[in-house]
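All residue numbers refer to positions in the sequence shown, counting from 1. For the numbers below, each heavy atom of this structure counts, side chains included, while hydrogens, waters and symmetry mates do not.
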Amino acid sequence: MSYASVAASGPEQSEEEHTDDEVHSLIDVDSPHISSVPSDFESQEIKTETQQREHELEAEAREQEEKLKQEAERAKEQAKKLAAKADKNKENPVVLSNAIGITVLGGLLGYGAYRKYSVGELTWKVAGAWAGVVGLFAVADFYTSQYFFKKYPTKK
């Protein structure tokens, strides 16, 4: 039995059912949304917009990595210079007194803060007051150090 004979033996369609409205959904092969690729497509390094964007992102990442390497090198050089300067000035009495003073003050503040915390008296007011004391110490130390650096200059 053929398809035509089976279709002919079925119920007949009415005029309302027999329309060609669905035909417009077919794709027109001549429309502009069908595109072709250039003949050298396979030899191109970048074939899609996604690949282009990936390529750009990788280039940006390489640039950032190079900048970070350069900054790290500068930081290492600066640290070496500071270490050399500190080594040259390790016997300077002003530098020694500053190092000892900062160490002692840090230790006292840490111990005092721990004691206040352990009894539950460490508040923002107490911390602010001690921050003020540290600020006053820093200002006094700066001017005192400037005076003594005239007598005992640092080595460059």
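The structure places CZ of Phe137 at 9.0 Å from OG1 of Thr144, a figure rounded to the nearest 0.5 Å. Considering CG of Asp141 and CG of Leu105, their distance stands at 9.5 Å, rounded to 0.5 Å. The line from CG of Leu109 to NZ of Lys116 is 12.5 Å long, rounded to the nearest 0.5 Å. Annotation: the span from Glu66 atom CD to Glu63 atom CD amounts to 9.5 Å, rounded to 0.5 Å. Note that CD of Glu58 is 10.5 Å distant from CD of Gln51, once rounded to the nearest 0.5 Å. Note that OG1 of Thr50 is 14.5 Å distant from NE2 of His55, once rounded to the nearest 0.5 Å.
When hydrophobic residues (I, L, V, M, F, W, Y) are linked wherever their side-chain heavy atoms come within less than 4.5 Å, the members clustered with Val139 are Phe142, Tyr143. Hydrophobic cluster membership of Tyr147, counting Ile, Leu, Val, Met, Phe, Trp and Tyr whose side-chain heavy atoms lie under 4.5 Å apart directly or via other members: Val94, Val95, Phe148, Phe149, Tyr152.
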**Request:** Go through the steps to decide whether Glu77 and Lys81 satisfy the test salt bridge (charged side-chain N to carboxylate O under 4.0 Å, His left out), and finish with yes or no.
**Result:** CA-CA 6 Å; Glu77 288 174 16; Lys81 288 179 185 177; 5.5 Å; no
**Asked** Can Glu56 and Arg53 be said to form a salt bridge (charged side-chain N to carboxylate O under 4.0 Å, His left out), step by step?
**Response** CA-CA 5 Å; Glu56 291 169 1; Arg53 182 66 183 141; 3.5 Å; yes
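When all heavy atoms of Ala99 and Thr103 are compared, the pair lying nearest together is O-OG1, 2.8 Å. The two atoms that bring Leu122 and Ala113 nearest to each other are CD2-O, 4.1 Å, heavy atoms only.
By the rule that hydrophobic residues join a cluster once side-chain heavy atoms approach within less than 4.5 Å of another member, Leu96 and Ile102 end up as members of separate clusters. Residues Val133 and Leu108 do not share a hydrophobic cluster, defined by chaining ILVMFWY side chains whose heavy atoms lie under 4.5 Å apart. Residues Val126 and Val134 share a single hydrophobic cluster, defined by chaining ILVMFWY side chains whose heavy atoms lie under 4.5 Å apart.
In this structure, Glu71 and Arg74 have side chains that are in contact, with non-hydrogen atoms separated by less than 4.5 Å.
Evaluation of the side chain to side chain contact (heavy atoms under 4.5 Å, CB included) rule for Val119 yields Glu121 as partners, not counting sequence neighbours.
In this structure, Glu91 places its CD atom where only 12 or fewer heavy-atom neighbours from other residues, nucleotides or ligands lie under 6.0 Å away. Sparse packing is recorded around CD of Gln78, with 12 or fewer heavy atoms of other residues, nucleotides or ligands lying under 6.0 Å away.
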